[in-house]
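First up is the structure itself, then whatever we jot down about it.
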Amino acid sequence: GDVWIISAAADIGSTTTIGLASNFAAVSAAIRWTEQSVAYPEIRSQWKAAGASESAVDVPMGPGNAWEVHAVSQRWSDANTTNPIGNVSRGDTAGGSTPQTVTPASVSVAAAGSAVLEVCGFTPNGNTGAAFTPSSGYTEIADIPGTSDQCSLMAAYLLRGAGTETPGAI
């Protein structure tokens, strides 16, 4: 079957959250970097088993402010539609000068023919149009640069066999 994955990143207020689209399940809890009572940015991925024909969906946010929002929508064919997300890992880096890197934690891959997804968001801290470089060997799906002090979003993937995947720096 097919799986539909949506990843969103947003600069949002302290009481605002990225919600789940109708009939979607969370990949993990939202990841939020909080500074000065706002999230710079919050990132959330969600999935659902996709039917033969799907219509666009709204990813809700609220209550409160959202200043800049980016989303990447992906459809994966021949996927496990019951439990497509095996493991989630996270890497963080805290502010400072640019350019910065973040190295995602290792993740276990259960079966051959799996895809490892890399989703990364950051606030460019005045570095308008800053872009990501995915980990070595990954294929970039989208790279959406933010404006001024607003969030950016990048998504990439790697097809691989069972074992431990240790992504390099982004």
Side-chain angles (χ1 to χ4, degrees), residues 3-14 16-21 24-36 38-48 57 59-61 66-76 79 84-110 114-160 163-170:
V3 170
W4 185 2
I5 299 174
I6 298 173
S7 298
D11 281 340
I12 56 179
S14 61
T16 308
T17 59
I18 299 172
L20 296 174
F24 278 71
V27 167
S28 69
I31 297 171
R32 173 181 285 232
W33 178 266
T34 303
E35 179 181 317
Q36 300 172 0
V38 292
Y40 289 118
E42 177 169 296
I43 303 166
R44 183 163 214 179
S45 293
Q46 48 196 287
W47 73 274
K48 75 174 228 170
V57 297
V59 175
M61 295 197 195
W67 290 278
E68 187 164 343
V69 180
H70 302 294
V72 176
S73 178
Q74 309 160 54
R75 186 177 178 120
W76 292 86
I85 310 299
N87 295 283
V88 176
S89 71
R90 173 182 175 162
D92 293 296
T93 186
S97 61
T98 55
Q100 290 188 337
T101 60
V102 61
T103 302
S106 296
V107 64
S108 296
V109 179
S114 293
V116 178
L117 300 179
E118 188 171 75
V119 177
C120 185
F122 83 112
T123 298
N125 196 22
N127 190 6
T128 301
F132 289 98
T133 301
S135 295
S136 179
Y138 282 67
T139 300
E140 192 171 77
I141 298 167
D143 193 345
I144 307 167
T147 58
S148 184
D149 284 337
Q150 304 300 315
C151 70
S152 297
L153 175 67
M154 185 272 301
Y157 73 93
L158 173 71
L159 299 177
R160 62 154 292 145
T164 300
E165 171 60 19
T166 304
I170 300 172

Go through the steps for Ile5 and Gln46 under the test side chain to side chain contact (heavy atoms under 4.5 Å, CB included), then give the verdict. CA-CA 6 Å; Ile5 299 174; Gln46 48 196 287; over 6 Å; no
Could you tell me which residues satisfy ring-ring contact (aromatic ring centres under 6.0 Å, His included) with Trp47, sequence neighbours excluded, listed by chain and number? none
For residues Thr17 and Glu42, is any side-chain donor paired with an opposing acceptor at under 3.5 Å? no
The test is side chain to side chain contact (heavy atoms under 4.5 Å, CB included); show your working for Ile144 and Met154 and say whether it passes. CA-CA 6 Å; Ile144 307 167; Met154 185 272 301; over 6 Å; no
Check each of Val69, Ile43, Ile6, Val59 against Ile18 using the side chain to side chain contact (heavy atoms under 4.5 Å, CB included) test, and report the only one that passes. Val59
CG of Leu153 to OG of Ser7: how many Å apart, nearest 0.5 Å? 6.5 Å
Give the minimum heavy-atom separation between Val107 and Val88, together with the two atoms involved. CG2-N, 4.4 Å
What pair of heavy atoms forms the shortest contact from Ser106 to Thr166, and how long is it? OG-OG1, 2.8 Å
All side chain to side chain donor-acceptor pair (under 3.5 Å) counterparts of Ser114, not counting sequence neighbours: none
I'd like to know whether Lys48 forms a side chain to side chain contact (heavy atoms under 4.5 Å, CB included) with Val3, so could you lay out the CA-CA distance, the side-chain angles of the two residues, the decisive distance to 0.1 Å, and finally the verdict. CA-CA 6 Å; Lys48 75 174 228 170; Val3 170; over 6 Å; no
Looking at every heavy atom in both Ala25 and Leu20, which two are closest together, and how far apart are they? C-CD2, 4.2 Å
Rounded distance (nearest 0.5 Å) linking atom OH of Tyr157 with atom CD of Glu140: 11.5 Å
Measuring from atom CH2 of Trp4 to atom CZ of Phe24, what distance do you get when rounded to the nearest 0.5 angstrom? 4.5 Å
Run Leu117 and Ile85 through side chain to side chain contact (heavy atoms under 4.5 Å, CB included) and show every step you take. CA-CA 10 Å; Leu117 300 179; Ile85 310 299; 5.6 Å; no
For Ser28 against Arg44, the heavy-atom pair lying closest together: O-NE, 4.2 Å
Could you give the distance from CD (Glu118) to OG (Ser135), rounded to the nearest 0.5 Å? 3.5 Å
Looking at every non-hydrogen atom in both residues, tell me the closest pair between Pro60 and Ala21 and how far apart they are. CD-N, 3.9 Å
